[in-house]
Chemist: 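Dropping the structure in here first, questions after.
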Amino acid sequence: MLGRHLFGYLPVQAAQALVGFGGVAVLTRLMPPDMYGQYALAITAMHLVSMALFTWLDAAVARFHARAEARGALAAHLATAYRTFFALVAAVIVIGGLLLWLLPISAELKTTFGFALAALSVQSLLQIGQETRRAAGQVAAYSAIGTFNLLLGFGIGIGLLMATPLGAAGPIAGLALGALVALLFDLPGQRRRAKGGKTNTRRLALYFAYGLPISISLVFEHLLSAGDRFLIAGFLGEAAVGVYAAGYSLADRSLDIIFVWLGAAATPLTVAALERGGPEAAREIAARTARIMALIGLPAAAGLALVAAPLAGVMVGEDFREGATLILPWIALAGLMKGVMTYYFHESFILGRRTRAMAGIMGVAALLNLGLNLVFLPMFGIAGAAAATVIAYAASLLACALIGGRIFALPLPWMDWGKTALATAGMAAVVLVLPPIEHAFLDLIVSVAAGVLAYGVLAVLLDAGGCRGWIGEARNWLKTAEATS
């Protein structure tokens, strides 16, 4: 079932990859570094507000869907979620508008933040429906709406940037409009499911108690990964933020797409297994998830570090390339640790319903990162920010693994992880001995092809992550498909 879900979520993750890479490649060529810096600051602020005020509700919608459905209370579950959302978003618009009026920032940045507030509102509304579909196992519908939203918003945003004087606000306005159109398909069905449901204050209190620590944890996690941009703006200026954000996005978003994909498929299955089959059933799915995460994530992170220079040469504008090449290997390592921590070891706290401990760990890690930035930024510039991020993620990953293991012990398949590491080392050796090629695109293609081939051969020979079993499953699926055609 995990394999089918992984394939089902591929379209939306492919759209994430296209938008992620396309956004960096296009925007860094259409925007100067200072404008891209304004865009990055607005996106960071938008995500922070979303995590602080709406993610607790999304987490509760996903976590308690199976229970509500089993008890015949799905309408009340959804009605509680949507009515709570509309109360929250009204407060966000009023308070956010007042803050934008009072903040002593430039008119361009105020405009960009204003559109970010609009995008935050409509995307958060859409997310409730998406979490409902994911929890219900409606993979095709989730992927269809998610893919449509991403691609439409990206296309509109680029068009607004090129055809209007909105500047950094253009791509963010596109996000808002894309989500607004997607809601036309989403809301009617959700309204039918919630019809007749009554808001239950006891239910809401349970949701808040469960989801708030997750929200706080994600706020701290986002501060850990992106909060340094505000410090960079203060120490080095908005142009430095733009350069740092471009290099950071290339590595972090690449890995984030992989881990979000795995988490989207595995988390609802693990939660459902716990509810229906108990802890051992959940651990069985978690063990397979751990093997797959390493099998895909470790070589991806190593590959990003190995091809930093040609990747930056191909993917970002000329003004951004030197800085992107400098920080990309650091962020690849940080992104690997972030993905394993967020989409695997955080499951201990979620399954054990001890999310406050998770929030505490991420809070300490965020403070550590910001403190290190205050020391490193004046000394080393944006390289110091990247180093601070790596140190903070290493500390938080270790803490999550140790403390989470006492709450809900997850499998640690060391043998499979070791095989994957060995295959990755062989891949790195092959890429490092390749002769240098002056043309960045050709260098990137040759390096990636050689690395993928070397890793694939070694992984199969070692049976890293049980990949031979995947090959067998694929063959059986093809035979079945041929027999029924």
Chemist: With heavy-atom distances below 4.5 Å as the criterion, would you say the side chains of V12 and W261 are in contact?
Modeler: no
Chemist: Within the side chain of S50, is there an N or O that forms a donor-acceptor pair under 3.5 Å with the backbone of L120?
Modeler: no
Chemist: Atom CD1 in I232, atom CG in L377: separation rounded to 0.5 Å?
Modeler: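 These two atoms lie 5.5 Å from each other.
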Chemist: Measuring from atom CD of Q38 to atom CD of E238, what distance do you get when rounded to the nearest 0.5 angstrom?
Modeler: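 One gets 4.5 Å once the value is rounded to the nearest 0.5 Å.
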Chemist: Donor-acceptor pair, D252 side chain versus G335 backbone, under 3.5 Å?
Modeler: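 No: the side chain of D252 does not pair with the backbone of G335.
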Chemist: In the structure I gave you, are the side-chain heavy atoms of M415 and K419 within less than 4.5 Å of one another anywhere?
Modeler: yes
Chemist: About how many Å separate CD1 of I407 and CZ of F345, when rounded to the nearest 0.5 Å?
Modeler: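 Rounded to the nearest 0.5 Å, the CZ-CD1 separation comes out at 13.0 Å.
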Chemist: Can R283 be said to sit on top of F408's aromatic six-ring, NZ or CZ under 6.0 Å from centre and within 45° of the ring axis?
Modeler: yes
Chemist: Of all heavy-atom pairs between A176 and V122, which one has the smallest distance, and what is that distance?
Modeler: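 Answer, listing the atom of A176 first, then V122: O-CG2, 3.5 Å.
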Chemist: Can any side-chain N or O of Y455 pair as donor or acceptor with the backbone N or O of G303 at less than 3.5 Å?
Modeler: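 The answer is no, because no donor-acceptor pair under 3.5 Å joins these two groups.
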Chemist: Kindly compute the distance separating CE (M315) from CG (L250), expressed to the nearest 0.5 Å.
Modeler: 6.0 Å
Chemist: Search all heavy atoms of T420 against all heavy atoms of P299 and return the closest pair with its distance.
Modeler: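 Taking T420 first and P299 second, the nearest heavy atoms are CG2-CD, 4.4 Å.
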Chemist: So, for S396 and M341, which heavy atoms are closest and what is the spacing to 0.1 Å?
Modeler: OG-SD, 3.4 Å
Chemist: Ignoring hydrogens and geometry, is there a side-chain-to-backbone donor-acceptor pair from R29 to A25 under 3.5 Å?
Modeler: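 Between the backbone of A25 and the side chain of R29 there is a qualifying donor-acceptor contact (under 3.5 Å).
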Chemist: Give a yes or no answer on whether the side chain of W330 reaches the backbone of G384 with a donor-acceptor pair at less than 3.5 Å.
Modeler: no
Chemist: Tell me yes or no: between the side chains of Y244 and D228, is some donor less than 3.5 Å from an acceptor?
Modeler: yes
Chemist: Check whether Y207 forms a cation-pi arrangement with R202 (NZ or CZ under 6.0 Å from the six-membered ring centre, at most 45° off the ring normal).
Modeler: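 The answer is no, since R202 fails at least one limit relative to Y207.
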Chemist: Taking side chain as C-beta onward, heavy atoms only, is L175 less than 4.5 Å from F154?
Modeler: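 SC-SC contact between L175 and F154 ruled out.
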Chemist: Report the relative orientation of the aromatic rings in F380 and F376; use parallel for angles under 30°, tilted for 30 to 60°, perpendicular for over 60°.
Modeler: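 Plane angle over 60°, so perpendicular.
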Chemist: Contact between M362 and L218 at the side-chain level, heavy atoms closer than 4.5 Å - yes or no?
Modeler: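 They are not in contact (no side-chain heavy atoms under 4.5 Å apart), so the answer is no.
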Chemist: Working to the nearest 0.5 angstrom, can you tell me the gap between I296 CD1 and F259 CZ?
Modeler: 9.0 Å
Chemist: Within the 3.5 Å criterion, strictly below it, is a donor on E221 or T342 matched to an acceptor on the partner's side chain?
Modeler: yes
Chemist: So does V316 get a backbone contact from the side chain of T28, meaning a donor-acceptor N/O pair under 3.5 Å?
Modeler: no
Chemist: Look at the side chain of R288 and the backbone N and O of E284, then say whether any donor-acceptor pair between them is shorter than 3.5 Å.
Modeler: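 Side chain of R288 to backbone of E284: no pair is present.
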Chemist: Which atom pair, heavy atoms only, marks the closest approach of I331 to A386?
Modeler: CD1-CB, 4.0 Å
Chemist: Any non-hydrogen side-chain atom of L262 less than 4.5 Å from a side-chain atom of Y343?
Modeler: no
Chemist: Run the numbers on F220 and L224 for side-chain contact (heavy atoms from CB on, under 4.5 Å), then give the verdict.
Modeler: CA-CA 6 Å; F220 286 136; L224 174 54; over 6 Å; no
Chemist: Taking all atoms of both residues into account, what is the closest heavy-atom pair of F113 and A42, and its distance?
Modeler: CE1-CA, 3.4 Å
Chemist: Is there a side-chain contact (heavy atoms from CB on, under 4.5 Å) between Q16 and R253 once you walk through the steps?
Modeler: CA-CA 9 Å; Q16 285 275 16; R253 192 167 293 179; 5.9 Å; no
Chemist: With a 4.5 Å cut-off on side-chain heavy atoms, are V89 and L125 touching?
Modeler: no
Chemist: Please evaluate residues F320 and Y36 with respect to the criterion ring-ring contact (aromatic ring centres under 6.0 Å, His included), reporting the C-alpha separation (whole Å), side-chain torsions for both, the decisive distance (0.1 Å), and the verdict.
Modeler: CA-CA 10 Å; F320 299 79; Y36 190 79; 5.7 Å; yes
Chemist: Quick one: do M293 and L298 satisfy side-chain contact (heavy atoms from CB on, under 4.5 Å)? Show the steps, please.
Modeler: CA-CA 8 Å; M293 277 189 177; L298 186 58; over 6 Å; no
Chemist: So, K338 side chain and Y393 main chain: donor-acceptor pair closer than 3.5 Å or not?
Modeler: no
Chemist: Picking from F208, Y210, F85, what satisfies ring pair (Phe, Tyr, Trp, His ring centres under 6.0 Å) with W56?
Modeler: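 So the option named by the test is F208.
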Chemist: Of all the heavy-atom pairs spanning L161 and G167, show the shortest one and how long it is.
Modeler: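 Smallest interatomic distance, heavy atoms only, reads CD1-O, 3.3 Å.
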Chemist: Just by distance, do the side chain of S124 and the backbone of S121 share a donor-acceptor pair under 3.5 Å?
Modeler: no
Chemist: Say whether E131 and Q127, considering side chains only, have a donor N or O and an acceptor N or O under 3.5 Å apart.
Modeler: yes
Chemist: Would you sort out whether L223 and N369 count as a side-chain contact (heavy atoms from CB on, under 4.5 Å), showing the intermediate values?
Modeler: CA-CA 8 Å; L223 283 172; N369 183 40; over 6 Å; no
Chemist: So, the side chain of S217 versus the backbone of P213: is there a donor-acceptor pair under 3.5 Å, distance only?
Modeler: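 Side chain of S217 to backbone of P213: no pair is present.
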Chemist: Taking the side chain as every heavy atom from C-beta outward, state whether F230 and L48 have any pair of such atoms under 4.5 Å apart.
Modeler: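 F230 reaches L48 side chain to side chain.
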Chemist: Would you check if L27 and I158 make a side-chain contact, meaning some heavy-atom pair closer than 4.5 Å?
Modeler: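 They are in contact (side-chain heavy atoms under 4.5 Å apart), so the answer is yes.
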Chemist: With rounding to the nearest 0.5 Å, note down the distance linking CG in L98 to CD1 in I95.
Modeler: 8.5 Å
